[in-house]
Amino acid sequence: MQEFQHVVAQLAGVGNPRVGHDQEPVRGDTERGPVRPAAAKGITYDTGFINQGTSTHERFDSELVRRDLRVIRDDLHCTAVRVTGGDVDRLEIAAKHAADLGLGVWFSPFTCDLTTDELLTCLTDCAERAERLRLTGAGVVLVAGAELSLCTIGFLPGDTLGDRIGILSPTFPRLREVMAAVPPLINDFLAKAVAVVRERFGGKVTYASIPFEGVDWTPFDFVGVDSYRTTEIAEMYPGAIRSLVAQGKPLAITEFGCATHRGAAGEGARGGMIVEWDGKANPLRLDGDYVRDEDEQATCIRELLDIYTAEDVDSVFLCTFACYHLPHREGSREDLDMASYGVVKVAEDRVGWEPKVAFGVLADYYGVSSSSAG
């Protein structure tokens, strides 16, 4: 989830995945061959991240979801969609619509404040639903969780998402000790989760990681990373992506993107952290005066796509189609869409939307790569 990547960037850099505990990464050649378009040209579609009982997609309607997914296929020229959210029924509804439209489906539960036992039950359910969909002939990849160290109880101290984020402050006295404990806990859980998932699901499996988790990718089919670029890591970013590709398994960038205000391109995930919230995870207003800048968002997205193409990334998923909880409004502090990573700006009714500049950039990029591939 983009709101937390600034913590990751400060603590661990761009990425630190492992193919196996005792495997050395494959070194890339200094002269690489011609690049190819991504195997999955994708975007994330949020069916509702649920925190403190509040969903980021409250007005979830099956027909409107199908409308959005048709736009994702026909107008954005996506070949795949990463369907995310904490409600498994909603995930299945959106996944079925995407499959009916011929899109590749990355079935991606994105839960909040579950215990590891509760999460394992959720993943078991998702694996069974994803397998039923796969057996209809749909192309389905199961994403066995997302950013678990932050979003799940048991990997970092704290019972709530807010508690765990607060611990990841440079001023926290036991930060190194706490961070060092995460990789073994994460890998122990993921080994169990993958075993349970593969008993029920016959397709490919990955996980949407954040860098400090130090994931052992041995049991997975893809390396999966949520990846945001900031000014601090901009120079090293292409090389870091190259090193991820060199790990020896196909790389999926499961999230990337930019918010919609001036300066957001240099902030990465920090760009979205400009919202004042009430006590129930509902957005109220922006926390200061910002300048709306759709061109900056669009330019950043194109630059990132150029990097992923040049470095031969297998699959990419822009975050995101729409942030339905952050509507566009008149007035500097009232325009919640400036904190949104969506390529459409959502109307006040949380149903309608209009395309942003980034919508056209993504459509052109994916459309051209489709033509090149053909």
Judged by atom type as modelled, is there a donor-acceptor pair below 3.5 Å linking the side chain of [X] to the main-chain atoms of [Y]?
X	Y	answer
T136	L133	yes
N187	D216	yes
E213	S149	yes
T231	G266	yes
E58	S55	yes
D349	G352	yes
E177	R174	no
T54	N282	no
Y341	G272	yes
T206	F222	yes

**OP:** Could you give me the CA-CA distance, side-chain angles and deciding distance for T56 and D46, then say whether side chain to side chain donor-acceptor pair (under 3.5 Å) is met?
**Re:** CA-CA 8 Å; T56 54; D46 175 33; 2.5 Å; yes
Is the closest side-chain donor-acceptor distance between [X] and [Y] under 3.5 Å?
X	Y	result
Y237	T230	no
D117	T115	no
T44	R82	no
Y365	D306	yes
D226	T254	yes
D163	T160	yes
S340	K345	no

Under a 4.5 Å cut-off applied to non-hydrogen side-chain atoms, are [X] and [Y] in contact?
X	Y	result
M179	R176	no
F155	F189	yes
I153	T116	no
Y207	L190	yes
P250	V223	no
K249	D221	no
D113	R164	yes
V346	L326	no

Original post:
Taking it one step at a time, do R350 and D61 satisfy salt bridge (Lys or Arg N to Asp or Glu O under 4.0 Å)?
Top reply: CA-CA 11 Å; R350 317 287 174 106; D61 178 271; over 6 Å; no
According to a 4.5 Å side-chain heavy-atom criterion applied to Ile, Leu, Val, Met, Phe, Trp and Tyr, with indirect links allowed, do [X] and [Y] form part of one hydrophobic cluster?
X	Y	result
L91	L119	yes
F201	F220	yes
V361	V344	no
W106	V81	no
L318	V143	no

Taking all non-hydrogen atoms of both residues into account, name the closest pair between [X] and [Y] and its distance.
X	Y	answer
P183	A180	CD-O, 3.6 Å
P219	V194	O-CG1, 3.7 Å
L142	A130	CD1-CB, 4.3 Å
A94	L69	O-CD1, 3.4 Å
G145	L123	N-CD2, 3.9 Å
R333	G288	CG-O, 3.3 Å

Quick test of your reading of the model: are [X] and [Y] salt-bridged, counting only N-O distances below 4.0 Å?
X	Y	answer
R132	E92	yes
E63	R70	no
D335	R285	no
D100	K96	no

Between [atom1] of [X] and [atom2] of [Y], what distance do you get to the nearest 0.5 Å?
X	Y	atom1	atom2	value
R73	D75	CZ	CG	9.5 Å
Y45	H97	OH	NE2	9.0 Å
I72	C78	CD1	SG	6.0 Å
E334	L286	CD	CG	8.0 Å
E330	E348	CD	CD	11.0 Å
L161	E147	CG	CD	9.5 Å

Do the ring centers of [X] and [Y] come within less than 6.0 Å of each other?
X	Y	result
Y290	H261	yes
F256	Y308	yes
F321	W353	yes

Original post:
Does the pair R66 and I93 meet the rule for a side chain to side chain contact (heavy atoms under 4.5 Å, CB included), with working shown?
Top reply: CA-CA 9 Å; R66 187 175 181 86; I93 289 168; over 6 Å; no
Original post:
Of the options R292, E294, K356, which is the one that meets T260 in a side-chain hydrogen bond (donor to acceptor under 3.5 Å, both in side chains)?
Top reply: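 By the side-chain hydrogen bond (donor to acceptor under 3.5 Å, both in side chains) criterion, T260 pairs with just one of R292, E294, K356: K356.
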**OP:** Take F107 and R129 through the side chain to side chain contact (heavy atoms under 4.5 Å, CB included) test and state the conclusion after the steps.
**Re:** CA-CA 9 Å; F107 199 108; R129 295 177 190 237; 4.3 Å; yes
**OP:** Assess whether salt bridge (Lys or Arg N to Asp or Glu O under 4.0 Å) is satisfied between E131 and R200, documenting all intermediate values.
**Re:** CA-CA 7 Å; E131 178 65 3; R200 295 161 174 83; over 6 Å; no
Subject >> For C258, the option from Q297, E303, E267 that meets side-chain contact (heavy atoms from CB on, under 4.5 Å) >> reply: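 Output: one option passes, namely Q297.
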**OP:** Kindly indicate, with the supporting measurements, whether the criterion side chain to side chain contact (heavy atoms under 4.5 Å, CB included) is fulfilled by S108 and V83.
**Re:** CA-CA 6 Å; S108 183; V83 179; 6.0 Å; no
Original post:
Parallel, tilted or perpendicular: which describes the rings of Y324 and H57, with under 30° parallel and over 60° perpendicular?
Top reply: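 Y324 and H57: parallel rings.
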